[in-house]
2 protein chains.
Amino acid sequence: MSPSTVSLVLNGSEKIKKSTRERVLKAAADLEYRPNEMARSLVSSRSRCLSVTVPALNHVFSDVYFGEIISGIYQQANEAGYKILLDIAQESFIAEKEYLNILRNRRADGMLYIASTIEDRFLLEFEEEHYPLLLVNHYFPQSRLNFLSVDYRKAATLCAEHLLQLGHRHIGLVIGTNTFTGLDFRDRFFEVCEKRQVGKSSLPWIGCKDWDEQEGYNATQKLMSRHPELTAIMAGNDRMAMGAIRWLTGKGLRVPGDVSVMGVDNIPSAQYATPGLTTLKMDFFQVGRLSCKRLLEMLNRTRAECAELLDPHLVLRESTGPAR
Amino acid sequence: MSPSTVSLVLNGSEKIKKSTRERVLKAAADLEYRPNEMARSLVSSRSRCLSVTVPALNHVFSDVYFGEIISGIYQQANEAGYKILLDIAQESFIAEKEYLNILRNRRADGMLYIASTIEDRFLLEFEEEHYPLLLVNHYFPQSRLNFLSVDYRKAATLCAEHLLQLGHRHIGLVIGTNTFTGLDFRDRFFEVCEKRQVGKSSLPWIGCKDWDEQEGYNATQKLMSRHPELTAIMAGNDRMAMGAIRWLTGKGLRVPGDVSVMGVDNIPSAQYATPGLTTLKMDFFQVGRLSCKRLLEMLNRTRAECAELLDPHLVLRESTGPAR
DNA sequence: ATGAAAGCGCTAACAA
DNA sequence: TTGTTAGCGCTTTCAT
């Protein structure tokens, strides 16, 4: 039997007689034949791999935010028979244009870039290149780069309305300002507050970069000492909110008795924190899953572009209460 | 100029005249030449990829435990010019022997399997196969499978001694029993307590499987209602410890005033929990990094096998105190 | 419906 | 020191 016959059978062609097909399939099973993926990729110039890239944050995979997105991506990719190639956008990754090479090389057929920042301007190169790229949970305004993200303007609306409704009129905001989604959140948060006559002077804020517990802790310290009149801290994510609670309780302040704290993300520990953290549920697993789905659609040419926003939802727990 | 000359230059051979080498390098740079990795792998039958496999836990990448290990692996792999291929040991992964195929296929040159369980007996097949495999933070007793893990017997010793020293004589233990390391921890914990005349009857315990907050919560509920005399809860990891604290504080019990709680892992939120969690620091980043290093050594034939244990360290915070 | 043959882009043994 | 050549294992026209 010739190689081509075998190849056709194994790739599910209809052109082979049933009896032959069965003979091939049986032989393949008996011999435990496994096609060499390298050879396959070489000739088809498709690796059936997707590159998943995350920013070079400290120990980034330990962040549940990224973990959840990656889990979602994996699930979808796996169902479609794709493998996941992991990458971190370190200096060399950018300097050596690895983000392009990995696609040029055919190590990956497409790229999912999770949580880029406003500094990742190198991504704009993909406007010129035709390589399939999708930004996950971020976007570049005024660019044609594909993205799928949680709607952070809606998120800000939900947060502001919740706190205002509880009577808070002096709210401290801690938020990362290195993402366009973070900036959107901040701007929209102020916008909604101002509509309810709560002006900027009652809304001191601190911008940061790492979005972690330590920054929440430090920022809360600064905000509370400069503005003791604050009755609520709005943190850009749960990790910072946990840092905020830590500082407040350390100072003997009660949460939410003295100061309410609200986060964003609904990470698992938010539920098990003391007090349970009021936050927004962003379904990051779904963000990952859908992002991957969209990218695969683009690879299959059943979709040309993607610009999609997913809704967040309020999760009420014990860390927010009426203003004192 | 011939392909072989170029190939030799690009692979750093010394056999090429300097002037020629420079001419090649310049041309390559000018043309932005990128070797096709697929072709390269095909001929060399090395993919320069490492497979990293994790068990099929719910949203496993969101667990900081895995995240930290993966970060460490990535760092080491990246330095050595290797890529990371991510996988989850789902049903199909096992049923279809994907764990072997991925190596047979040459999609990966070696495999790091993180946190296998006692049920992952399929891994024993690797005793017969010559494919490079290393178990990360687990091991199979009486097998020749390579591993690198934290020393959980030492961990148990540190925990037991800490609690005994604080005067605790009635300690509830919550621990996953689906790993050999978990069983080791339990057995050693009892052993140390018994040496100090604290017998099994004062050490009620509950075995579990998922090692998560919910299980810690449920187990603590059962332990405390059946054994109100308990003055401490020893949890097999920090996530379960957080669940324990959650249940206790929900019941109006003070931690550590009424009941001390101790965890294992030192996940980031342990520091920012209220109260801060006393725990063991296992340097999982280092576990990942070293595991990857050992595997690469085995690939390079500079090492034949690996059976290595890393020491844990006590981290004192506020969740443990003298027995009431 | 099946087989023969070319070639994907590279490496390495061998020749020159 | 450099060039020639033969594959690596597969897919895919093109003949048969």
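Every chain is numbered from 1, with letters handed out A, B, ... down the list of sequences. Since the structure is predicted, the reported quantities are computational estimates derived from the model, not experimental observations.
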Student: Rounding to a whole Å, what distance do you find between A:Arg48:CZ and D:dC10:C1'?
Tutor: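 Spelled out: CZ on A:Arg48 to C1' on D:dC10 is 15 Å.
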Student: Does the ring centre of B:Phe126 sit less than 6.0 Å away from the ring centre of B:Tyr131?
Tutor: no
Student: Per the end-axis method with five pairs at each terminus, what is the bend angle of the helix from C:dA1-D:dT16 to C:dA16-D:dT1, to 10°?
Tutor: 40°
Student: Rounded to whole angstroms, how far apart are CZ on B:Arg40 and P on D:dG9?
Tutor: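 Atom CZ in B:Arg40 sits about 19 Å away from atom P in D:dG9.
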Student: Let me know the distance between CZ of A:Arg23 and P of C:dG3, rounded to the nearest Å.
Tutor: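 Computing the A:Arg23:CZ to C:dG3:P distance gives 8 Å.
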Student: Under a plain distance cut-off of 3.5 Å, with no hydrogens placed, do B:Thr179 and B:His138 share a side-chain donor-acceptor pair?
Tutor: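 On atom types as modelled, these side chains do not qualify, holding no pair under 3.5 Å.
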Student: Within less than 4.0 Å of OP1 or OP2 of D:dT2, is there a side-chain N or O belonging to B:Thr5?
Tutor: no
Student: Round to a whole Å and report the spacing from CG of B:Asn105 to P of D:dC8.
Tutor: 18 Å
Student: Quick one, A:Lys83 with B:Glu98, criterion salt bridge (Lys or Arg N to Asp or Glu O under 4.0 Å). Give me CA distance, side-chain angles, the key distance, then yes/no.
Tutor: CA-CA 12 Å; A:Lys83 292 269 161 201; B:Glu98 180 72 4; 2.9 Å; yes
Student: Measure the shortest side-chain to side-chain distance between A:Ser51 and A:Arg107 over non-hydrogen atoms and say whether it is less than 4.5 angstrom.
Tutor: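 When only atoms from C-beta onward are counted, A:Arg107 and A:Ser51 do not touch, as no gap falls below 4.5 Å.
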Student: Under 4.0 Å, counting only non-hydrogen atoms across every strand here, what does B:Ser44 touch: a base, just sugar-phosphate, or nothing?
Tutor: nothing
Student: Round to a whole Å and report the spacing from CZ of B:Arg34 to P of C:dC8.
Tutor: 22 Å
Student: Just how far, in rounded Å, is P of D:dC8 from CG of B:Asn36?
Tutor: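 After rounding, the reported distance stands at 18 Å.
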Student: Report the residue from A:Phe147, A:Tyr152, A:Phe66 that forms a side chain to side chain contact (heavy atoms under 4.5 Å, CB included) with A:Asn137.
Tutor: A:Tyr152
Student: With no angle test and no hydrogens, is the base of D:dT4 tied to the side chain of B:Ser4 by a donor-acceptor pair under 3.5 Å?
Tutor: yes
Student: Measure the acute angle between the ring planes of A:Tyr65 and A:Phe284, then classify it against the limits of 30° and 60° as parallel, tilted or perpendicular.
Tutor: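 If you compare the ring of A:Tyr65 with that of A:Phe284, the planes turn out perpendicular.
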Student: Between A:Asn146, A:Leu148, A:Leu123, which is the residue that forms a side chain to side chain contact (heavy atoms under 4.5 Å, CB included) with A:Leu135?
Tutor: A:Leu123
Student: With DNA chain C as reference, determine whether A:Ile16 or A:Pro3 sits nearer its 5' end, using the nearest nucleotide of each.
Tutor: A:Ile16
Student: Grab the CG-P distance between B:Leu8 and C:dA13 for me, whole Å please.
Tutor: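 It is 10 Å, rounded to the nearest whole Å.
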Student: Would you kindly compare B:Arg21 and B:Ala39 by the position of their nearest DNA chain D nucleotide and give the one closer to the 5′ end?
Tutor: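 Nearest nucleotide further toward 5': that of B:Arg21.
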Student: Rounded to the Å, how far apart are B:Leu42 CG and C:dA12 P?
Tutor: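 Roughly 12 Å, once rounded to whole Å.
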Student: For B:Thr20 and B:Val43, find the nucleotide of DNA chain D closest to each by heavy atoms; which residue's nucleotide sits nearer the 5' end?
Tutor: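 Between the two, 5'-proximity favours B:Thr20.
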